[in-house]
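Convention: sequence-line order gives letters A, B, ...; per-chain numbering from 1.
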Amino acid sequence: MDRYNSREVEPKWQKQWEESEQFKTEVDQSKPKYYVLEMFPYPSGRIHMGHVRNYTMGDVVARYKSARGFNVLHPMGWDAFGMPAENAAMENNIHPGDWTYQNIADMRAQLKPLGLSIDWSREFATCDPEYYGHQQSMFIDMLEAGLVYRKNATVNWDPVDLTVLANEQVENGLGWSPIARVERKELTQWFFNISKYAEDLLASLDKMPNWPEKVRLMQKNWIGKSKGLEIDFALQDAPQEFKTLKVYTTRPDTLFGMSFAGISPDHPLALALAKDDEKLANFIAECRKTATTEEALETAEKVGYETPVKVVSPLDETKSYPLYVANFILMGYGTGAIFGCPAHDQRDLDFARKYDLDVIPVVCPPDVAENAFSIGTEAYTGPGYIVNSEFLNGRSIEDAKTLISKTLQRKGVGLEKTNYRLRDWGISRQRYWGCPIPVIHCPKCGTIPEKKENLPVELPHDVNFDQPGNPLNRHDQWLAVSCPTCGSKAKRETDTMDTFVDSSWYFARFTSPNAKTPTDKEKIEYWMNVDQYIGGVEHAILHLLYSRFFARAMNETGHMPEQAIEPFDALFTQGMVCHETYRDQEGKWIPPNEVKEIEKSKAKRQFVSLSTGKPVDVGPSIKMSKSKKNVVDPTDIIEQFGADTARWFMMSDSPPERDVEWTTSGVEAAWRHLQKVWRLSHEIYSESLKKDAKDDYKPILNGESHHDNLLRETHKAIDNITKCLESFAFNKAVAHLYELTNVISNSKASHIVKKYAMRILAQLMQPMTPHLSQEIWSLYGSSSFISREPWPTPVLEFLQNEDLIYPIQVNGKRRAEIVVPKDLDSQEIESRILSLPPITNILKGSKPKKIIIVPGRIVNVVI
RNA sequence: GCCCGCUUGGUGGAAUUGGUAGACACAAGGGACUUAAAAUCCCUCGACCUAACAGUCGUGCCGGUUCGAGUCCGGCAGCGGGCACCA
């Protein structure tokens, strides 16, 4: 018998699907819609196994929902702007656009053989001028709606090349020229007013039950709502214009534990003091020599500079504290100033120990006596009662907060304030390969938006990357423009947008990819929301939060219906694809296809290099990455085993939210199983030819057949697999499909029943293995596309059991088992149990203390 | 440093969400078929103890709640993701 030949079968059906436009979708008001979307890829040039996993998951959902009668939208596009294209331009002297479009063509060619049910007619790339033109148009609407503004913000600055560096370049030194050092530098930049929606973005998280709890929690913490008190501290010996220092705190109850105050190196007071204090100026300059990331600031050693300024206690004018400029205080959070209470804040404590400041405990743990409590190297942040705090003594933390807040407010030096950690979204990038910000700087009229009829503001193609910096800055012809308002000579904005803007509305554009406006009302109302969004958990905060914001901003400017301000109804975050790592004796990484396993036993696994024959060390399985060379190319796998094998393996074994380990033996097992299904389908088919019998499935479903084991198992499988697919348990669905295959294979049922079961199996496998399923479908004489067939429904009579099996525990340990009729009452069950030999042996005539019968589940005898 | 996860046999994982731990696979070992190999099929497979039945231990580590804990609570360790200019 022939083997299942994926190289022949898969392209055959793919061609037929394409020619008959199987997956092209239109608005159809008569059907319920289902929009399934996987996060679109960055066109790096090659697809990787992570893509295969991501898009297979989406395809399983799309095909399943389609079989359930939904009008399914399943589009694909490209997140095409970004840094790698510029790096390629610098390294290989190729235009970022040419590089990107070539990569898109390559990746599309690698993706298509996977047989995904994608409506390719909706495809676009975010670097298409048409797409980013609409983005510019919305930017202008948002600017006019007050959702966009400019302000100063710091960037990573390379003082040698005079260019802005990405955080990644700072961390990994990936810049195209060696980075001498990094400084923080202030630039005027464009911002989206995301903080306007902070409360709404936070509150709305509670109304998203189909998002993972962890993602909602991460977003909640990111938004970081806190209720606190803004306190005005009087200043002594400060420059004239600084009378008070505003400090935001969530722990006003610890005010009596204060021993210093601190301000950010970027605080106006610090800058003013530095004018006459060279040492301070140097200190501030030194502080700026770290990257802008929060991680860099938090992990840097905490250092401070003591200023001559004193901060006066708002409660007792005779008390004052030193004021430090400290590197760990962020200007962007609160007021950029803190009061330091070392006993109850770890950072403050580290700082106080370093500069020998007082550590006064003011919160004592509940069950500890005041005089027995002291602070060592760890700050105390737990619950307790207030001590050393005059009129607050003995109170709870909550009471103390309320009381001190009232007291300070009465004195006019306190203000209750709700604060958010969430900062406005800075979208300016000093780079070429991004969506130009459609704004013109006119010496007379100031900063004004480009006229909409002039959109898109297209990127000029004639640029080069032979010197550092943004080539737009030196493109005089592109820069020169006349002011849209007064007509005088003006200059284009050269900043482009953060690529997160591009990915914040692509899902909306997919609903009407050719519309003359950013979105089409009728279509977006039909298709939105995305019913199921699937992507990596690494996007849990930024991409998803920005998209939620952008949907609101689009709604406010008339581009998004109210129903879609939470654009993703359900979110699924999938794990990564990992592989073992291999290194030769010199420590060089070796790809998996250049090693061979020569010994595999429980105790030992030994690999050698294929080229040198020398032994190779096996390292842990980690995320596939080019740098560790532990990658397997999907195209090679499809070539060797076929798309269905790759898809099947990706869905089997590992739960989709967890990392999956790619193993050769796993893929081979997947391949063997598909061969087995193929073989089995042919055996049953040949058998039925011999019998020369007509297929008639109806009699087998009537009441007399309800005891047929194969039918029972088949219908149980339909039930189980349907539930698994509904709940994203693809690995469990696959396990049930293995079981059903084995049951059919071992069954002694008639060929009619077997053929019936086989057709069901093909249908149930279809979301994972569409080509193989279609091939079997067609072998069994159906001329239809299996993907168009309605999903099988289980017949309830097949699912019911008449007996129940009760495991019997004694003191929680399983000792026996009993089979009883389903409706037996608990008294009867109890008496049967007490006469079971294993139980009587243990009881030895004594009476059990208690017998717990959980109906339908378990029995526990307590002795 | 901060926020969020994860941890079950030699391996990937399952466990009806507090009710029989190890489903389904992979690897390994043994056997059948075969001149041989491949392919396929069958058997064994957490550890300890045992001739076998039985029994004891066992879900990263320590402790708690419960008739009963992989599942809930407290603490710890290891690994991973994010930290606002990688996408």
Side-chain angles (χ1 to χ4, degrees), chain A residues 3 39 41-42 44 79 81-84 155-156 164-172 174 212-215 217-222 224 292-300 302 328 332 346-347 350 422-431 498-500 503 536-543 545-546 573 575-576 600-603 605 620 622-623 652-655 657-661 663 665-666 668-670 672-673 675-676 679 729 731-732 734-739 742 805-817 838 849-852 854 856-863:
Chain A
R3 285 192 168 181
M39 291 179 184
Y42 178 79
S44 59
D79 188 12
F81 275 133
M83 253 187 359
V155 292
N156 298 308
V164 177
L165 297 172
N167 284 334
E168 190 192 45
Q169 292 174 303
V170 174
E171 283 157 31
N172 304 337
L174 288 180
E213 183 62 39
K214 63 172 173 181
V215 174
L217 192 57
M218 277 190 264
Q219 292 212 354
K220 188 181 168 195
N221 290 336
W222 186 263
T292 56
T293 66
E294 189 171 319
E295 188 190 0
L297 290 169
E298 294 263 355
T299 51
K302 285 152 193 61
F328 61 90
Q346 193 60 46
R347 264 185 333 197
D350 296 343
L422 180 68
R423 306 201 295 262
D424 277 341
W425 176 14
I427 59 155
S428 282
R429 297 293 179 271
Q430 293 70 40
R431 285 178 218 294
D498 179 5
T499 57
F500 274 125
S503 56
V537 71
E538 66 272 20
H539 294 294
I541 296 173
L542 293 179
H543 162 60
L545 192 62
Y546 290 151
T573 55
M576 299 176 301
K600 184 162 193 178
S601 65
K602 255 188 190 180
R605 295 174 64 216
I622 54 174
K623 181 184 175 174
S652 61
D653 288 354
S654 291
E657 68 277 13
R658 277 218 230 159
D659 291 352
V660 63
E661 188 176 358
T663 61
S665 55
E668 284 167 356
R672 277 202 303 272
H673 180 72
Q675 291 293 347
K676 180 179 177 172
R679 222 169 31 241
N731 56 323
K732 286 191 260 170
V734 167
H736 287 300
L737 286 165
Y738 271 112
E739 271 174 338
N742 292 336
I805 302 169
Y806 279 99
I808 299 156
Q809 300 179 328
V810 177
N811 285 350
K813 277 200 191 310
R814 183 185 169 280
R815 297 292 172 175
E817 201 171 84
K849 273 189 204 153
K850 196 156 59 156
I851 296 178
I852 295 157
V854 185
R857 282 282 163 79
I858 203 165
V859 178
N860 194 9
V861 181
V862 186
I863 57 170

Go through A:Lys214 and A:Thr573 one step at a time and tell me if the side chain to side chain contact (heavy atoms under 4.5 Å, CB included) criterion holds.
CA-CA 10 Å; A:Lys214 63 172 173 181; A:Thr573 55; 3.9 Å; yes
Taking N or O atoms only and anything under 3.5 Å, show me the protein contacts with nucleotides 3-8 of chain B, one pair per line.
from	atom 1	to	atom 2	distance (Å)
B:C3	O3'	A:Asn221	ND2	2.8
B:C3	O2'	A:Asn221	ND2	2.9
B:U7	OP1	A:Arg658	NH2	2.9

Pull out every protein N or O sitting under 3.5 Å from an N or O of nucleotides 66-74 of chain B, one pair per line with the distance.
from	atom 1	to	atom 2	distance (Å)
B:C67	O2'	A:Asn860	ND2	3.3
B:C67	O2	A:Asn860	ND2	2.4

Each nucleotide N or O in nucleotides 30-33 of chain B that has a protein N or O under 3.5 Å away: list the pair and distance.
none

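For the C1' atom pair drawn from B:U17 and B:G29, the interatomic distance equals 37 Å after rounding to whole Å. Nucleotides B:G1 and B:U56 have their P atoms positioned 45 Å apart, rounded to a whole Å. Taking atom C1' on both B:U71 and B:G64, the two are 15 Å apart, rounded to the nearest angstrom. For the P atoms, the distance linking B:U44 with B:A54 amounts to 16 Å, nearest Å. When the P atom is used for both B:G46 and B:C24, the distance is 13 Å, rounded to whole Å. A gap of 30 Å separates the C1' atoms of B:G55 and B:U7, to the nearest Å. B:A15 and B:C6: their P atoms are spaced 15 Å apart (whole Å). Nucleotides B:A52 and B:G70, compared at atom C1', are 32 Å apart to the nearest Å.
For A:His736, the side-chain hydrogen bond (donor to acceptor under 3.5 Å, both in side chains) partners two or more places apart in sequence, or in a different chain, are A:Glu739. Every residue meeting the side-chain contact (heavy atoms from CB on, under 4.5 Å) condition with A:Ile541, not counting sequence neighbours, appears here in chain and number order: A:Met218, A:Trp222. For A:Asn221, the side-chain hydrogen bond (donor to acceptor under 3.5 Å, both in side chains) test picks out no residue, with sequence neighbours left out. Residues meeting the side-chain contact (heavy atoms from CB on, under 4.5 Å) test with A:Ser44, sequence neighbours left out: A:Tyr42, A:Met107. Every residue two or more places apart in sequence or in another chain that forms a side-chain hydrogen bond (donor to acceptor under 3.5 Å, both in side chains) with A:Arg814 is listed here: A:Glu817. Scored by the side-chain hydrogen bond (donor to acceptor under 3.5 Å, both in side chains) test, A:Asn860 finds no partners at all (sequence neighbours excluded). For A:Glu538, there are no salt bridge (charged side-chain N to carboxylate O under 4.0 Å, His left out) partners, not counting sequence neighbours. Here A:Arg429 pairs with A:Asp498 under the salt bridge (charged side-chain N to carboxylate O under 4.0 Å, His left out) rule; sequence neighbours left out.
Here B:U17 is in the syn range [glycosidic angle within 90° of 0]. The glycosidic torsion of B:G81 lies more than 90° away from 0, which places this base in the anti conformation.
Put simply, the residue from A:Ile863, A:Val859, A:Ile808 that forms a side chain to side chain contact (heavy atoms under 4.5 Å, CB included) with A:Ile851 is A:Val859.
Rounded to whole Å, atom P of B:A87 lies 14 Å from atom NZ of A:Lys623.
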Report the secondary structure of RNA chain B in dot-bracket form, marking unpaired bases with a dot and bases paired to a different strand with |, and treating Watson-Crick or G-U pairs with both distances under 3.5 Å as paired.
(((((((..(((......[....))).(((((.......))))).(((......)))..(((((..]....))))))))))))....
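Counted by atom type alone, A:Lys676 and A:Asn742 present one or more donor-acceptor pairs between their side chains at under 3.5 Å.
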